[in-house]
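Position 1 is the first residue of the sequence, and the numbers go up from there.
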Amino acid sequence: AAAKKDPNAEKSCTKFMRGIQLQLLSCTIDGSPLPDNFVWQAFNRAVNPLAFTRVKDGTWNSFAWAKSIATANALIRKKRSQFGKPDIFASLDRSCRDRDYLFGRLAAAAHKAEIDTYGKEAITWAVRLFRRFVQTPCTVWQELFCKLLPYLKKLGAVGINGKTGNSADWYLRLFGEIERLFDEKDRNDNRPLSEMFLVGFDCQLRDLYLKTEERAAAPELTPLS
């Protein structure tokens, strides 16, 4: 919006975007390596969810954030493929023991548990603490879990939405399964997280939504007479 009001800024922005497009075209057609700064900048943008707001009223734009995550993961996927690393983006890898990936899974599960409590998209505690989570994951995970407890209590043993929602017990079991995959030295490692955090978050969240859709589509059970 600011660039449109300033002709010089608009020209500079257009020139910058064209430069990026040419670099991406070279990566696609010529097989040139994807610049590291592309991946890093996309990752940094995606892990700052509260920056995504609607121009009209300033409210949080979850759709724009989701698009940013998809863009960042596409660049991460491209970068990994250039180094011959396995593709772990198609579905959730429940055997992956990568520390950053596991912290991403925990963040996604906490986010979805709070959404299940509300029954709709919301600015969850996972979203509010997302950027700090990347910076100090062990410290923030403890804080996030404490913030989540009242929502789990409200969610209850059977879930608010019946067959289309998960119960508090179900989420607690999932948290336990993820935490058991950590190596002891990694579980207490408070160093900042890499882009694998975003990969783990996206894979786990997509898996949780897929399970919700499958439950919603399942036929109602006929009560026994």
Legend entry - With sequence neighbours excluded, residues passing side chain to side chain contact (heavy atoms under 4.5 Å, CB included) with Asn188: Glu184
Inset, instruction - Report yes or no: do Val55 and Phe63 belong to one cluster of Ile/Leu/Val/Met/Phe/Trp/Tyr joined by side chain heavy-atom distances under 4.5 Å? - result: no
Inset, instruction - Can you measure from CZ (Arg132) to OG1 (Thr136) and round to the nearest 0.5 angstrom? - result: 6.0 Å
Legend entry - Closest heavy-atom pair and its distance - Cys203, Ser91: SG-O, 4.0 Å
Inset, instruction - Give, for atom CD1 of Ile76 and atom CG of Asn73, the distance between the pair rounded to the nearest 0.5 Å. - result: 4.5 Å
Legend entry - Evaluation steps, side chain to side chain contact (heavy atoms under 4.5 Å, CB included), between Thr53 and Thr59: CA-CA 5 Å; Thr53 56; Thr59 57; over 6 Å; no
Legend entry - Close aromatic pair by centroid cut-off 6.0 Å: Trp125 and Phe145: no
Inset, instruction - Indicate yes or no: does Asp183 engage Arg97 in a salt bridge with an N to O separation below 4.0 Å. - result: yes
Inset, instruction - Classify the side-chain pair Asp116/Tyr171 by whether it contains a donor and acceptor separated by less than 3.5 Å. - result: yes
Inset, instruction - Using salt bridge (Lys or Arg N to Asp or Glu O under 4.0 Å) as the criterion, list what pairs up with Arg187, not counting sequence neighbours. - result: Glu179
Legend entry - Close side-chain approach of Arg105 and Leu181, heavy atoms under 4.5 Å: yes
Legend entry - Side-chain donor or acceptor of Ser68 paired with backbone N/O of Ala64 under 3.5 Å: no
Legend entry - Main-chain N/O of Cys138 paired to Asn190 side chain as donor or acceptor, under 3.5 Å: yes
Inset, instruction - Assess whether side chain to side chain contact (heavy atoms under 4.5 Å, CB included) is satisfied between Glu143 and Thr139, documenting all intermediate values. - result: CA-CA 7 Å; Glu143 180 182 351; Thr139 301; 5.5 Å; no
Inset, instruction - Could you check if a side-chain atom of Thr71 sits within less than 4.5 angstrom of a side-chain atom of Arg45, using non-hydrogen atoms only? - result: no
Inset, instruction - Measure the shortest side-chain to side-chain distance between Val47 and Phe201 over non-hydrogen atoms and say whether it is less than 4.5 angstrom. - result: no
Inset, instruction - Report the residue from Trp141, Tyr101, Phe103, Phe133 that forms a ring pair (Phe, Tyr, Trp, His ring centres under 6.0 Å) with Phe197. - result: Phe133
Inset, instruction - Measure the OG1-NZ distance between Thr124 and Lys147 for me, rounded to the nearest 0.5 Å. - result: 12.5 Å
Inset, instruction - Please confirm whether Phe130 and Trp60 have ring centers closer than 6.0 angstrom. - result: no
Inset, instruction - Tell me whether Ile69 is reachable from Leu50 by hopping between hydrophobic residues (I, L, V, M, F, W, Y) whose side-chain heavy atoms are closer than 4.5 Å. - result: yes
Inset, instruction - State the CG-CG distance between Leu198 and Leu75, to the nearest 0.5 angstrom. - result: 11.0 Å
Inset, instruction - Return the minimal non-hydrogen interatomic distance between Ala109 and Leu208, and the atom names on each side. - result: CA-CD1, 3.8 Å
Inset, instruction - Over all heavy atoms of both residues, which pair between Ala126 and Leu144 is shortest? Give the atoms and the distance, please. - result: N-CD1, 3.6 Å
Legend entry - Listed partners of Glu114 passing side chain to side chain donor-acceptor pair (under 3.5 Å), at least two apart: none
Legend entry - Nearest-0.5 Å distance, NZ of residue Lys112 to OG1 of residue Thr117: 9.5 Å
Legend entry - Asn48 vs Phe43, side chain to side chain contact (heavy atoms under 4.5 Å, CB included): CA-CA, chis, key distance, verdict: CA-CA 9 Å; Asn48 189 20; Phe43 172 72; over 6 Å; no
Inset, instruction - Decide yes or no on side chain to side chain contact (heavy atoms under 4.5 Å, CB included) for Trp65 and Val127, but give the supporting numbers first. - result: CA-CA 10 Å; Trp65 180 45; Val127 168; 3.9 Å; yes
Legend entry - Which atom of Ile178 lies closest to which atom of Leu102, heavy atoms considered: CG2-O, 3.7 Å
Inset, instruction - Answer yes or no: are there more than 12 heavy-atom neighbours, outside Arg131 itself, under 6.0 Å from its atom CZ? - result: yes
Inset, instruction - Supply the atom-to-atom distance Arg206 CZ to Asp202 CG, rounded to the nearest 0.5 angstrom. - result: 4.5 Å
Inset, instruction - Would you name the heavy atoms of Arg99 and Pro137 that are closest together and state the gap between them? - result: NH2-CG, 3.5 Å
Inset, instruction - In plain terms, say whether Arg94 and Glu177 are close enough for a salt bridge, that is, a side-chain N and a carboxylate O under 4.0 Å apart. - result: no
Inset, instruction - Please answer whether the main-chain N or O of Arg54 pairs with a side-chain N or O of Asn61 as donor and acceptor at a distance below 3.5 Å. - result: no
Legend entry - Closest contact, heavy atoms only, Leu155 versus Ser167: CD2-C, 3.9 Å
